[in-house]
Amino acid sequence: MNTTLPHTQMANAIRALAMDAVQKANSGHPGMPMGMAEIAVALWSGHYSHNPANPKWANRDRFLLSNGHGSMLHYALLHLSGYAVTMDDLRSFRQMHSKTPGHPEVDVTPGVETTTGPLGQGIANAVGMALSEYLLANEFNKPGYDVVNHYTYAFLGDGCLMEGISHEVCALAGTLGLNKLIALYDDNGISIDGKVEGWFTDDTPARFEAYGWNVIRAVDGHDVAAVSAAIAAAKTATKPTLICCKTVIGKGSPNLQGGDKVHGAALGDKEIAAVREYIGWSPAPFEIPAELYTAWDAKAAGAQQEAAWTALFADYSAKFPAEAAELTRRMKGELPAAFDGALAAAIAACVEKKENIATRKASQNAIQALAPVLPEFLGGSADLTSSNLTNWKESIPVRSGKPGNHVNYGVREFGMSAIMNGISLHGGYIPFGATFLTFSDYSRNALRMAALMKLRSIFVFTHDSIGLGEDGPTHQSVEHISSMRLIPNLDNWRPCDTVESAVAWGEAVKRKNGPSTLIFSRQNLPYQERTPQQIADVARGGYVLSEVADAKVTLIATGSEVELAVAAASALAAEGIAARVVSMPSTDVFDRQDAAYKAAVLTKGVPRVAIEAGVTDFWYKYVGLEGAVVGIDSFGESAPAGVLFKHFGFTVENVVAKVKLVIA
C-alpha cells in the first residue's frame, strides 16, 4: 500500500465516505467510523495481511468489526483498498439487496469475515478464529513451513465490553494464551444514552490484565504512528493483546464530535458542510481523489503476500503431500472420503447392538465412531462434559501451549456458542459444544447468528425434558425445543434411540449451509426396530415407524415420547383401534421434504395426535385444531422422572383417552 500521502487525508477519506453514505441513507452510525479512522489507517496500511482480489485466501489475517454498527468504516476500507465494493455499493448503503447492509454480513460483502451487530459477539468470533489458527498451526506447520500463520484483529467499543459475553470469551482467550489475537478498543466514552461514565466505570485495562492479556494502555487513537507502534508491539506478545485507543467519537464534526448525537444518526446537510470545511475536504460526496485511491490500494501488496504464501505452500505440498491435501480439504469444508462408510458402520452397529441407552450416551457413541475419520472435529462443553458426553477416547483437552481437540469452555454457554461460530467461520474445523437444553437460552443469540450466517456449528443439548428428574423446573426444558424451531435455518434434531442419534449426527456433520442442534435425553430410551428403508428415511426428519391398515389415527412423537407412542398404539390395537406411529426427530428437515413424501407420512383424512414433553402450541401445525397434543404447558416439578411423566399425563392411558376423543 502506498502511504506517501499524509495519514490524515487517508483517514479523512473514511470520514467523508461514512458521513455521506449515512446521510444518503438517512440511517446509520457515522460516529464510530469517524472516530476510528486513524486506527483503521494504522492497521490496514501497515499490518493487515490480505488480498482484495481473493478475500478467501486461506492464510489472510482476519479482521472483525465487533462494533458492527460502524459498518461504514469497514465498507469504506474495503472500497478504498480494492475489494469488489464499488462506489455505487456505498451509495446503496442500507438499501435492499445491496452489498452494504446496515451491519456487516458475511457472504454478502466481499472481505467481511463475520456478521456483527449484536455487540460482543464479534470479539467472541475473533476468539474462535484465533483458536482455530493456533490449533491448525500446531497441527500442520513444519520447521521452516509456517503455512498457517496469521493474526486475528478485532475492533470493539464500550458496548462490546459492557456485554457479558465479552467477559466469557476474553477470559478464556487469556487462559489459552491466544497471542495472535489483537483487539483495538475504541475508548470514546460515549454510547447512545450519552457519556458512559454514568453506567460504565470499569477499569478496562486492569480487567484485561486480570484475564492474562497483554494490555497497551492510553494510546492516542488519532495518532497513526502511535497506533501502528502498538500493533507492532502486540505482534511480539506471548498473550492476546488489548490496545486501548482513546478517541473522540465523530472526530471531524465540529459541532457534534465527542457527543452522543453523532453516534447513531445522520449528521445533516449543514453539519456535513461544516465537516468538509473543518477537515479541509473539498471533493463532492462519494468522490475520492485519485492519489488517495493510490495510497489506499492494497491489490499489489495483497497479491504479493498471497503469492509468497502460495510458493511456500507449493514447497510444503511437495515435502508433505498428505498434510497439504488434508489442510486443503478441511479449509474447503469437504468431508473425507471415509466419512460415509464410517457413518454407515455406526448406524449398522446400532442396529446390531439394539441398546436401550440414554440418547446422550448414544450421541457419545456416534462421536466415537465418527471422530477417527473426522480430524476436523473440535468438541467441547460448557463445564458439563461428564454429563453431556461430548468427549471421546482419543479426545485431548485444549490448554495453553498444549493443543488438542476438545475445549473445556467453562460455565460460559453464550461464549462457547459464539466462539464455535468463529471456529466455523475460520475454516478447518467442525465445532460442536454442549450444555443442558434449558441453558440454550444463554446461547440463543449465537444460535440465531449461526443460522443467519449459514454456519456448520453443531450445538449439543442434553437433559432435554422433565425426564432429567429431581433437578426440578429450573433445569427441565419445556418451551425450549419449540422456541428453537422458530429460528429460520436452524435444524433441530431430537432422536428417540441409538439409530436416530447416529443419523442426526451424520446429517449435522454433512450440513454445510446451516447449524444444527442435537437434543438428547438423560434417561435410557428403548431401541426401536426398523426396516432398512425406515432407517434411510430417518434422515428425512420424519417417517412412519409403524404402519397399519385402515388407520384411525396417526400418533406423532419425538425423542423420549416415541416409546410412549409405540406403547399407546399397541394398547389401541388391543381395543380394535388401528394407530400409525410417526417418529419425527427433526420437524425442520421434515418440512423441507417434497409434498408427496409428507403426504405419505401424514396421511390426509386420518386424525392426528402429537406427543412431546414440551409446550403444545407448535404441534397444531401438524395435528390441526381437530387433533390433539399430549404435552406440557406449565413448568415442571422436582421429582423422579417416572413420577413426573405420570403426573403430567405422559401415560398410555392418557394418550389412549386423547385418541378416543379425537376419533369420536
Side-chain angles (χ1 to χ4, degrees), residues 6-8 10-12 14-15 31-48 63-67 70 73 119-120 122-123 126-127 151-163 166-167 169-171 173-174 177-191 194-253 257-260 262-263:
H7 287 142
T8 53
M10 296 176 70
N12 285 341
I14 295 173
R15 292 190 170 96
M32 185 280 265
M34 297 175 74
M36 293 195 77
E38 283 84 7
I39 300 172
V41 171
L43 176 61
W44 280 58
S45 69
H47 300 278
Y48 182 44
F63 172 73
L64 299 88
L65 204 68
S66 191
N67 43 357
L73 173 68
L119 294 175
I123 184 63
V127 172
Y151 291 90
T152 300
Y153 298 101
F155 284 4
L156 70 163
D158 291 313
C160 294
L161 295 177
M162 284 186 259
E163 291 285 359
S166 68
H167 164 68
V169 302
C170 293
L178 302 178
N179 65 302
K180 287 191 173 179
L181 172 61
I182 300 174
L184 294 104
Y185 167 35
D186 178 26
D187 181 11
N188 60 39
I190 295 292
S191 67
K195 294 183 178 180
V196 300
E197 62 191 21
W199 49 87
F200 182 54
T201 57
D202 299 15
D203 186 341
T204 296
R207 170 186 161 189
F208 274 75
E209 286 169 347
Y211 292 154
W213 284 53
N214 171 49
V215 177
I216 302 176
R217 296 171 176 248
V219 176
D220 181 352
H222 301 298
D223 184 334
V224 172
V227 176
S228 182
I231 297 170
K235 290 162 75 172
T236 67
T238 58
K239 307 173 181 180
T241 295
L242 178 72
I243 302 174
C244 300
C245 302
K246 194 64 181 176
T247 64
V248 176
I249 190 171
K251 177 76 170 177
S253 174
Q257 62 185 359
D260 58 276
V262 76
H263 185 289

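Hydrogens, waters and symmetry mates play no part in the numbers below; they use all other heavy atoms, side chains included. As the structure is a prediction and not an experimental result, all values here were calculated from the model.
Without hydrogens or angle criteria, E38 side chain to D223 main chain gives no donor-acceptor distance under 3.5 Å. Between the side chain of S228 and the backbone N or O of V224 there is no donor-acceptor pair closer than 3.5 Å. Although no hydrogens or angles enter the test, the distance criterion places a donor-acceptor pair under 3.5 Å between the side chain of R15 and the main chain of K251.
Taking each heavy atom of C160 and S66 in turn, the nearest pair found is SG-OG, 3.2 Å. Residue S45 comes nearest to H7 through the heavy atom pair OG-NE2, 4.5 Å, listed as atom of the first residue, atom of the second, then distance. The two residues E163 and L119 have their closest heavy-atom pair at CG-O, 3.3 Å. Between C245 and L184, the shortest heavy-atom distance links the atoms SG-CD2, 4.4 Å. G157 and N67 make their closest contact through N-ND2, 3.9 Å (heavy atoms, listed as atom of the first residue, atom of the second, distance). Closest approach of I190 and H263 over heavy atoms only: O-CD2, 4.3 Å.
Summarising the local packing, NZ of K235 is surrounded by more than 12 heavy atoms from other residues, nucleotides or ligands at distances under 6.0 Å.
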Verify side chain to side chain contact (heavy atoms under 4.5 Å, CB included) between L65 and M32, making sure each step is shown before the conclusion.
-> CA-CA 11 Å; L65 204 68; M32 185 280 265; 3.9 Å; yes
Stepwise, does the side chain to side chain contact (heavy atoms under 4.5 Å, CB included) test hold for D158 with S191?
-> CA-CA 7 Å; D158 291 313; S191 67; 5.7 Å; no
I would like to know whether L43 and V227 meet side chain to side chain contact (heavy atoms under 4.5 Å, CB included); could you show each step before the answer?
-> CA-CA 8 Å; L43 176 61; V227 176; over 6 Å; no
Side chain to side chain contact (heavy atoms under 4.5 Å, CB included) between L242 and Y211, worked out | CA-CA 11 Å; L242 178 72; Y211 292 154; over 6 Å; no
Got a list of side-chain donor-acceptor pairs under 3.5 Å for residues 212-220, not counting sequence neighbours?
unit_1	atom_1	unit_2	atom_2	d
W213	NE1	C170	O	2.8
N214	ND2	T241	OG1	2.9
R217	NE	E209	OE2	3.4
R217	NH2	E209	OE1	3.0
R217	NH2	E209	OE2	3.4
D220	OD1	H222	N	2.9

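Taking the salt bridge (charged side-chain N to carboxylate O under 4.0 Å, His left out) definition, one finds that K239 meets it with nothing, sequence neighbours left out.
Side-chain contact check for R207 versus H167: some heavy-atom pair is nearer than 4.5 Å. In this structure, the side chains of T204 and L161 come closer than 4.5 Å at one or more pairs of heavy atoms. Residues M162 and V196 are in side-chain contact: their nearest non-hydrogen atoms beyond the backbone lie under 4.5 Å apart.
Note that CD1 of I243 is 13.5 Å distant from CG of D187, once rounded to the nearest 0.5 Å. To the nearest 0.5 Å, atoms OH (Y153) and NZ (K180) are separated by 10.0 Å.
Note on ring orientation: taking the six-membered ring where Trp is involved, the planes of W44 and Y48 are tilted (angle from 30° to 60°).
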